[in-house]
Amino acid sequence: MTAAPVRARPIEPLSRRAARRLPLATPGLRVGLFGGSFNPAHGAHRAASLLALHRLRLDRVWWLVTPGNPLKNNADLPSVEARVACARAVARHPRIDVTAFEADYGLGYSYQTVRLLTARMREVRFVWIMGADNLARFDRWQRWREIADLVPIAVVDRMGDSLAATASRAAQALGRYRIEESDAPLLANLSPPAWVFLHGLKSPVSSTQIRALRQRGAPAAAA
C-alpha cells in the first residue's frame, strides 16, 4: 500500500503578545540586529545570521520583523504576527530570536529602533546586520549616518551586490571606518562608527523573488 502524501501544516500566526515580546538581554551580551519585513523569511536570512554569529562571535541574533518598510509599498503586507510565526519556523536556531516589538513601540524607522535599544540596554553590545543590497541604498534610510554613529555595522555579501554596495555613497562616506574582514570578531567591541564587509555568502534567494514565484504559482525554494 502506498502511503498518502503528508501535507505541510499552515503556519498559524502567533498571539500579539508572543510575537511582539522584546527578547531578554544581559549586560555584556553581543547581539546582532537583523531588521526587515521578512515577507517572507527564507533560508538566506538564516544563512546570513549564522555567518554573522560565527564570524562576529555574537551571542545572539535578533530578527526585527518591522511593521513595514518606509521605502516600499506595504499594502499587501501580512500581519507582523503571521510574519513572526513564519520567521521562527525558518530560523529554527536556539540563538536566533524573532520579534516584532517595534510595532508596539510605534517604531517605523531603523534609526528609532537602534536609538531606543542602545539607550535602554547600554551594557549590551549591539551590531547592525544588513545585506550588501541594503548598503547600496543605505543613504536613502532616515538618519543613516546617525545609525552608523550608534552601532557598528556588519554587511553580508549578496549575489551580484558586492561592487554596487562598496561603491555606494554610504560605503564611500564611511570608508575610513571600515575594518579588515580578519578583524570581524572585534567589531562588537568597537566604538561606532565601524563596519565590516563579510564575504562568503552568495545566496541569490530574496523575499521579492519568492513572492513573485508564489504569484505565478511556481514552487519557491526556501534557501
Side-chain angles (χ1 to χ4, degrees), residues 3-25 29-56 58-69 72-105 107 110 113 117 126-134 154 156-159 198 200-223:
V6 178
R7 291 186 177 181
R9 293 184 178 181
I11 299 172
E12 295 294 330
L14 296 168
S15 70
R16 179 189 177 98
R17 182 178 179 183
R20 304 184 184 205
R21 185 180 297 119
L22 181 64
L24 296 175
L29 207 67
R30 298 155 65 97
V31 177
L33 302 174
F34 195 4
S37 300
F38 292 95
N39 180 34
H42 51 73
H45 291 135
R46 185 176 190 272
S49 300
L50 296 182
L51 180 73
L53 277 166
H54 174 68
R55 300 281 293 281
L56 303 177
L58 300 177
D59 298 302
R60 309 196 73 80
V61 170
W62 294 357
W63 287 9
L64 308 178
V65 180
T66 63
N69 187 329
K72 295 181 180 179
N73 182 355
N74 301 300
D76 297 323
L77 198 62
S79 70
V80 292
E81 289 78 17
R83 286 180 283 133
V84 168
C86 175
R88 289 183 180 179
V90 171
R92 36 179 223 288
H93 194 280
R95 291 166 62 192
I96 299 177
D97 300 299
V98 184
T99 175
F101 89 93
E102 292 167 303
D104 269 359
Y105 284 78
L107 305 176
S110 298
T113 299
L117 291 176
F126 288 113
V127 173
W128 187 262
I129 301 169
M130 68 167 70
D133 54 329
N134 279 316
V156 180
D157 204 4
R158 286 289 302 270
M159 181 69 74
L198 299 178
L201 184 66
K202 280 290 189 181
S203 173
V205 179
S206 71
S207 297
T208 302
Q209 175 196 61
I210 292 174
R211 292 196 303 272
L213 289 170
R214 286 177 176 176
Q215 288 174 358
R216 296 201 303 266

Quick check: closest heavy atoms across [X] and [Y], and the distance to 0.1 Å?
X	Y	answer
V84	A100	CG2-CB, 3.7 Å
V80	P67	CG1-CA, 4.0 Å
P40	C86	CB-SG, 4.2 Å
A87	V98	CB-CG1, 3.7 Å
L56	A154	CD1-CB, 3.6 Å

Just wondering, more than 12 heavy atoms not from H93 lying within 6.0 Å of its NE2? yes

Are the side chains of W62 and L22 in contact, using a 4.5 Å heavy-atom criterion? yes

Check for a donor-acceptor pair, side chain of H54 on one end and backbone N or O of L51 on the other, with a separation under 3.5 Å. no

Which pairs, with at least one residue in residues 40-56 and sequence neighbours excluded, count as a salt bridge (Lys or Arg N to Asp or Glu O under 4.0 Å)? R55-E181

Does any pair with a residue in residues 83-96 pass salt bridge (Lys or Arg N to Asp or Glu O under 4.0 Å), and if so which ones, sequence neighbours excluded? none

All side chain to side chain contact (heavy atoms under 4.5 Å, CB included) counterparts of T113, not counting sequence neighbours: L64, F101, E102, L107, L117

Pairing residues for A48 by the side chain to side chain contact (heavy atoms under 4.5 Å, CB included) criterion, not counting sequence neighbours: F34, V156, L201

Rounded distance (nearest 0.5 Å) linking atom CG of L77 with atom CG of N39: 5.0 Å

If I take atom CD from residue E81 and atom CG from residue L14, how far apart are they, to the nearest 0.5 angstrom? 8.0 Å

Does I129 form a side-chain contact (heavy atoms from CB on, under 4.5 Å) with L58? I'd like the steps, not just the answer. CA-CA 11 Å; I129 301 169; L58 300 177; 4.2 Å; yes

With a 4.0 Å cut-off, would you call D59 and R30 a salt bridge? no

Check the pair R20, D104 against salt bridge (charged side-chain N to carboxylate O under 4.0 Å, His left out), reporting the backbone distance first and the verdict last. CA-CA 7 Å; R20 304 184 184 205; D104 269 359; 3.0 Å; yes

With sequence neighbours excluded, residues passing side chain to side chain donor-acceptor pair (under 3.5 Å) with W63: S49

Output all residues satisfying salt bridge (charged side-chain N to carboxylate O under 4.0 Å, His left out) with D97, sequence neighbours left out; order by chain, then residue number. R60

